[in-house]
Amino acid sequence: MPIPAPFVSRAMAIEKDWIDYNGHLNMAYYNVLFDRCSDKAFEMMGMGMAEYVKQRRLTIYTAEVHVCYVRELHLDHKVIVSFQLLDHDEKRLRAYQEIRHVDGWLAATSESLSLHVDMSGPKVAPFPADVLAKIEAMRAAHAALPMPERAGRSIGIKARRG
């Protein structure tokens, strides 16, 4: 089965309880949407979350995330979320994601660093060989994609002169 590049979620609806007092999607729920897509991508890499933890006592922890909120989402919107594996090593994954309205416009981006964790510690641990092979296959499929413009960004305020 070919690996989608990037991985793209099914269409997801915005839930009523996610709308804040400003009338749009609360910032926390953008992360819920990113997380739901990540879980499916992790399943493709052999880390089906609940089963993986239960059977192997291994899991994924998020170490760092950088989210850019580009355009508001509202209750009547449906979105798709993409997942692009940018890099990996024997214990870590770096991924870039986008939330897009089903009409195609960009709502938010996320770049994350995830750690593979042995729950007996918990401690950061290498991926099992079978999982690493699937990660490497996804990375190879995603290597043909361009580096996203928003990847690698940092937060800062440039000093004003004058």
Side-chain angles (χ1 to χ4, degrees), residues 1-20 22-53 58-117 127-128 130-155:
M1 180 170 104
I3 298 169
F7 173 81
V8 179
S9 74
R10 62 173 174 75
M12 293 184 264
I14 305 302
E15 298 183 20
K16 183 178 180 247
D17 292 341
W18 298 356
I19 302 301
D20 66 18
N22 293 313
H24 60 243
L25 184 64
N26 178 276
M27 63 181 276
Y29 294 100
Y30 285 81
N31 288 299
V32 169
L33 293 165
F34 285 127
D35 195 49
R36 287 181 177 175
C37 177
S38 292
D39 283 351
K40 295 298 183 186
F42 292 153
E43 283 179 24
M44 286 191 72
M45 291 182 274
M47 297 177 281
M49 301 319 288
E51 302 81 29
Y52 194 62
V53 173
L58 300 168
T59 193
I60 294 289
Y61 281 10
T62 301
E64 184 174 344
V65 177
H66 185 144
V67 176
C68 294
Y69 303 95
V70 178
R71 188 166 167 187
E72 292 179 3
L73 289 169
H74 298 275
L75 181 59
D76 60 336
H77 291 165
K78 289 201 182 326
V79 299
I80 57 170
V81 184
S82 63
F83 178 99
Q84 180 179 347
L85 185 59
L86 297 178
D87 199 4
H88 76 281
D89 64 16
E90 69 279 355
K91 299 177 184 179
R92 300 174 296 181
L93 302 172
R94 178 181 168 218
Y96 174 81
Q97 294 183 266
E98 292 182 344
I99 297 175
R100 290 191 175 270
H101 187 277
V102 292
D103 289 343
W105 51 264
L106 182 65
T109 66
S110 176
E111 185 174 2
S112 61
L113 180 67
S114 300
L115 307 175
H116 187 252
V117 174
F127 296 104
D130 62 316
V131 172
L132 186 58
K134 290 177 182 174
I135 291 169
E136 289 171 347
M138 181 175 282
R139 178 64 190 119
H142 291 191
L145 297 170
M147 180 59 72
E149 181 182 325
R150 290 180 174 266
R153 293 172 53 123
S154 63
I155 298 173

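Residue numbers start at 1 and run along the sequence shown.
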query: Given Arg153 and Cys68, is the side-chain contact (heavy atoms from CB on, under 4.5 Å) satisfied, shown in steps?
result: CA-CA 10 Å; Arg153 293 172 53 123; Cys68 294; 3.8 Å; yes
message: side-chain contact (heavy atoms from CB on, under 4.5 Å) for Tyr52 and Val131? Distances and angles first, verdict last.
response: CA-CA 11 Å; Tyr52 194 62; Val131 172; 3.8 Å; yes
- request: Could you go through the side-chain contact (heavy atoms from CB on, under 4.5 Å) check for Trp105 and Val70 one step at a time?
  value: CA-CA 10 Å; Trp105 51 264; Val70 178; over 6 Å; no
- request: Please test Ile3 against Lys134 for side-chain contact (heavy atoms from CB on, under 4.5 Å), starting from the C-alpha separation and ending with a verdict.
  value: CA-CA 10 Å; Ile3 298 169; Lys134 290 177 182 174; over 6 Å; no
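Judged by distance alone, the side chain of Asn22 and the main-chain N or O of His24 form no donor-acceptor pair under 3.5 Å. Panel note: side chain Ser9, backbone Val81; a donor-acceptor pair is recorded below 3.5 Å. Side-chain atoms of His101 do not come within 3.5 Å of backbone N or O of Ala107 as any donor-acceptor pair.
Here the closest heavy-atom approach between residue Gln97 and residue Phe34 is recorded as NE2-O, 3.0 Å. Nearest heavy-atom pair, Leu73 versus Val79, reported as atom, atom and distance to 0.1 Å: CD2-CG1, 3.8 Å. When all heavy atoms are compared, the tightest approach of Arg150 to Tyr96 is CB-OH, 3.9 Å. Nearest heavy-atom pair, Val67 versus Asn31, reported as atom, atom and distance to 0.1 Å: CG2-OD1, 3.4 Å. Gln84 and Pro148 get closest at one heavy-atom pair: OE1-CG, 3.5 Å. Across all their heavy atoms, Ile99 and Leu106 have their closest contact at O-CD1, 3.6 Å.
Side-chain contact check for Ile14 versus His74: every heavy-atom pair is 4.5 Å or farther apart. With a 4.5 Å cut-off on side-chain heavy atoms, Tyr29 and Asp20 do not count as touching. The shortest side-chain heavy-atom distance between Leu33 and Leu25 falls under the 4.5 Å cut-off. Contact of the Met12 side chain with the Arg10 side chain is registered, since non-hydrogen atoms from C-beta on lie closer than 4.5 Å. Residues His116 and Ile60 are in side-chain contact: their nearest non-hydrogen atoms beyond the backbone lie under 4.5 Å apart.
Within the model, atoms CE of Met45 and CG of Leu132 stand 11.5 Å from one another, a figure rounded to the nearest 0.5 Å. One finds the CG atom of Asp103 at 12.0 Å from the NZ atom of Lys78 (value rounded to the nearest 0.5 Å).
Legend: side chain to side chain donor-acceptor pair (under 3.5 Å) pairs involving residues 106-115, not counting sequence neighbours, sorted by first then second residue: Arg94-Glu111.
For Arg92, the salt bridge (Lys or Arg N to Asp or Glu O under 4.0 Å) partners at least two apart in sequence or on another chain are Asp89.
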Identify each donor-acceptor pair in which a side-chain atom of residues 135-146 lies under 3.5 Å from a protein atom, sequence neighbours left out, and give them as a table.
residue, atom, partner, partner atom, Å
Arg139, NE, Leu86, O, 3.0
Arg139, NH1, Leu85, O, 3.2
Arg139, NH2, Leu86, O, 3.1
His142, ND1, Leu85, N, 2.9
His142, NE2, Pro4, O, 2.9

